Peer 1: 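Before we start, here is the structure in question, set down as structure tokens.
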Number of protein chains: 2
Amino acid sequence: MGIQERKEREKTQRRDDILNAAQEVFFEKGLQNATMDEIAEKAELSKGTIYLYYRSKEDLYLAVMMRGMELLYTMFAQATGKQRSAVEALRALADVYTQFFHEHRSLFRMLHFSQTPQLHKQVSEEMRTACSIQNMKIWNFVQELIARGIEEGDIRRDLNPIAVAVLLWSATTSIMSRIDYGAEYWKSTMNVDLDTVLRQSLEFLLDALMTPHAREQLRQQPSIS
Amino acid sequence: MGIQERKEREKTQRRDDILNAAQEVFFEKGLQNATMDEIAEKAELSKGTIYLYYRSKEDLYLAVMMRGMELLYTMFAQATGKQRSAVEALRALADVYTQFFHEHRSLFRMLHFSQTPQLHKQVSEEMRTACSIQNMKIWNFVQELIARGIEEGDIRRDLNPIAVAVLLWSATTSIMSRIDYGAEYWKSTMNVDLDTVLRQSLEFLLDALMTPHAREQLRQQPSIS
DNA sequence: TCAATGAATGACTGGCAGTCAGTTGTAACG
DNA sequence: CGTTACAACTGACTGCCAGTCATTCATTGA
């Protein structure tokens with residue numbers, strides 16, 4: 001009996017249609033200025049139907065955001081797969097994150113904005129746990145990479161892997177969102193190129209994490225860049 | 001003719017009353033869930049009157065936030081005034097920022113939230129420039145401190161003062177808002193104490209900024225802590 | 001006492017998130 | 001093929017709230 005299955009397929013298709021429509025609108029208007037009516041119209045469904053699939057505007061917003069997280073995770077996994085050492089993988093991670101930031105700016109913005117406590121208070125329990133799981137996947141990934149770097153003797157032994165992960169992630173994300181918010185503003189009023197600042201900061205941080213031994217090795221085998 | 005002056009005084013008093021009422025409500029509910037009606041009631045004024053003094057809810061929000069920035073700036077100026085070297089002043093700055101974070105949590109939250117582009121788009125031109133000026137004051141303050149540290153030979157000469165300022169500020173703020181968002185969550189799911197992470201990160205960053213010479217000196221004259 | 005001026009008011013408007021009574025389309029059954 | 005059952009879908013409607021504006025009120029100066 002394939003009818004059940006077909007219905008199942010149609011249902012997930014609907015969910016996806018809604019997600020695509022929502023993504024378009026959220027990208028263009030942001031959470032605040034997007035309206036459910038516009039999303040419904042774009043999805044060629046009535047507003048009521050949207051609420052059959054997502055509990056609230058905020059839930060829908062997070063659902064779109066989570067696709068972004070999945071994408072980022074996939075990019076991470078791919079980029080680090082072919083690296084030899086953990087430190088090389090960490091550098092690749094930084095590059096990929098920067099790439100994600102530039103090529104999927106709207107997703108990055110949603111990802112960052114979704115960290116607001118105010119938002120999470122208005123979201124269903126299920127969505128929150130789903131986010132939490134996705135989130136954890138990425139954190140574990142980074143953390144384990146750093147732990148491996150310590151084992152391999154390239155990252156300083158006196159550092160706490162998770163602390164390093166938090167510092168790296170926080171600093172990077174925060175500078176990126178500063179760029180996103182108004183790189184031009186910084187350029188014009190303070191003559192600062194934030195893209196350069198981001199690159200320098202990453203270099204500075206990664207360098208400061210490494211053991212003297214690893215730094216020495218790096219100097220003997222400079223990267224292609 | 002003191003009438004003009006009295007009226008002037010009364011007007012600024014009103015502005016302040018409204019600000020105080022708004023602060024209470026925003027602290028309790030956040031921007032989204034606060035209503036102008038509630039603010040009006042708390043200020044013992046009608047809603048219409050509020051709009052004679054502030055153009056929109058968002059403007060009012062930023063006005064409250066800016067008092068927070070002023071407070072922070074004052075705390076900064078005080079704390080660094082009595083330090084001998086720039087590096088000592090920088091450490092004092094970090095301590096004071098942490099203190100501000102803990103003692104004025106709601107203001108910190110507003111300060112951080114006010115960095116959202118979405119918010120700034122809904123705010124009057126005047127408010128935006130006022131924010132910008134206040135913002136710049138703090139950035140210049142930090143930047144100059146770092147530049148002084150370089151001159152004094154305690155901070156590495158190969159670093160760009162403004163880049164360092166951005167990195168320090170971004171990393172710190174981002175970790176703090178992570179604590180604010182849910183330190184308990186991190187403790188329970190990943191067994192991480194984010195307060196410790198913050199302290200370690202600051203130590204790590206400040207240490208990595210310093211010249212070998214300055215680090216050496218520090219070891220000979222350890223701080224009181 | 002009486003305009004004149006400006007501050008304050010609150011009923012009202014428009015817009016939007018979320019709901020729900022009702023409609024439609026489809027499958028299963030006799 | 002007619003009928004029932006059921007799930008998917010609809011869109012008019014409700015409640016809420018930011019922001020407005022015609023009106024009221026208070027003060028001042030003549």
Side-chain angles (χ1 to χ4, degrees), chain A residues 1-19 21-22 25-26 28-64 118-127, chain B residues 1-19 21-22 25-26 28-64 118-127:
Chain A
M1 188 53 58
I3 289 175
Q4 282 298 317
E5 291 155 23
R6 197 202 69 217
K7 290 221 167 171
E8 209 55 44
R9 246 183 301 127
E10 279 175 358
K11 234 174 164 175
T12 51
Q13 181 61 45
R14 272 287 118 96
R15 276 186 79 88
D16 221 54
D17 291 344
I18 295 173
L19 231 45
V25 178
F26 284 138
E28 194 188 327
K29 313 253 173 120
L31 174 60
Q32 190 73 229
N33 297 322
T35 72
M36 290 302 262
D37 283 300
E38 192 179 346
I39 292 170
E41 194 176 356
K42 208 149 239 166
E44 294 177 309
L45 290 166
S46 75
K47 183 156 62 157
T49 305
I50 309 241
Y51 282 93
L52 293 176
Y53 291 87
Y54 297 94
R55 283 165 175 254
S56 69
K57 189 163 106 161
E58 284 74 19
D59 258 45
L60 185 49
Y61 187 84
L62 282 198
V64 173
Q118 287 300 330
L119 178 61
H120 275 254
K121 276 183 198 139
Q122 306 196 330
V123 147
S124 69
E125 185 60 34
E126 298 95 67
M127 190 53 78
Chain B
M1 187 53 58
I3 289 175
Q4 282 299 317
E5 291 156 23
R6 197 204 68 216
K7 292 221 166 172
E8 211 53 46
R9 246 183 301 126
E10 279 176 355
K11 236 176 163 172
T12 51
Q13 181 60 44
R14 271 289 117 100
R15 275 186 80 86
D16 222 54
D17 290 345
I18 295 172
L19 230 46
V25 178
F26 283 138
E28 194 188 329
K29 313 253 173 121
L31 174 59
Q32 190 72 230
N33 297 321
T35 71
M36 291 301 264
D37 284 299
E38 192 178 346
I39 292 169
E41 193 177 356
K42 207 148 239 165
E44 294 176 310
L45 291 166
S46 76
K47 183 156 63 156
T49 306
I50 308 241
Y51 282 93
L52 294 176
Y53 291 88
Y54 295 94
R55 284 166 175 253
S56 68
K57 190 164 106 160
E58 284 74 19
D59 258 44
L60 184 49
Y61 188 84
L62 283 197
V64 173
Q118 287 301 329
L119 179 61
H120 275 253
K121 276 185 197 139
Q122 305 195 331
V123 146
S124 70
E125 187 61 34
E126 298 95 65
M127 190 51 79

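Lettering follows sequence order; numbering is per chain, from 1. From a predicted model like this one, the values you see are computed outputs, not experimental measurements.
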Peer 1: CG of A/L52 versus C1' of D/dT10: gap in Å, rounded?
Peer 2: 10 Å
Peer 1: Got more than 12 heavy atoms from elsewhere within 6.0 Å of CD, A/E41?
Peer 2: no
Peer 1: From CD1 of A/I39 over to C1' of C/dG18, roughly how many Å is that when rounded to an integer?
Peer 2: 13 Å
Peer 1: Measure CD/A/E8 against C1'/D/dA7 and give the value in whole Å, please.
Peer 2: 13 Å
Peer 1: Between the base of D/dG19 and the side chain of B/K57, is one N or O donor paired with an acceptor at under 3.5 angstrom?
Peer 2: no
Peer 1: Crowded around A/E44 CD? As in, over 12 foreign heavy atoms under 6.0 Å?
Peer 2: no
Peer 1: So, does B/D59 use its side chain to make a donor-acceptor pair with the main chain of B/S124 at under 3.5 Å?
Peer 2: yes
Peer 1: Does A/K47 get its side chain close enough to the base of C/dA17, under 3.5 Å, for a donor-acceptor pair?
Peer 2: yes
Peer 1: Atom CG of A/N33 and atom P of C/dC16: how far apart are they, to the nearest Å?
Peer 2: 9 Å
Peer 1: Heavy atoms under 4.0 Å, any strand shown: does A/L45 hit a base, just sugar-phosphate, or nothing?
Peer 2: sugar-phosphate
Peer 1: What is the distance, rounded to the nearest whole Å, between atom OH of A/Y51 and atom P of D/dA12?
Peer 2: 17 Å
Peer 1: Looking at A/T49, does any N or O in its side chain come under 4.0 Å of the phosphate oxygens OP1/OP2 on D/dT10?
Peer 2: yes
Peer 1: Is a donor on one side and an acceptor on the other found under 3.5 Å between the side chain of B/K29 and the backbone of B/T35?
Peer 2: no
Peer 1: Reckon B/Y53 has a side-chain N or O less than 4.0 Å from the OP1 or OP2 of C/dA8?
Peer 2: yes
Peer 1: Nearest 0.5 Å please: distance from the CD1 atom of B/I50 over to the CG atom of B/L45.
Peer 2: 6.0 Å
Peer 1: Using a heavy-atom cut-off of under 4.0 Å over every strand shown, decide if A/A34 touches base, sugar-phosphate, or nothing.
Peer 2: sugar-phosphate
Peer 1: Specify the separation, in whole Å, of atom CZ of A/R14 and atom P of D/dT10.
Peer 2: 7 Å
Peer 1: For the side chain of A/S46, counting heavy atoms from C-beta on, which of D/dG19, D/dC9, C/dT9 is nearest?
Peer 2: D/dC9
Peer 1: Tell me: CD of B/E10 to C1' of D/dT28, nearest whole Å?
Peer 2: 13 Å
Peer 1: Rounded to whole angstrom units, what separation is found between the CZ atom of B/R55 and the P atom of D/dT20?
Peer 2: 10 Å
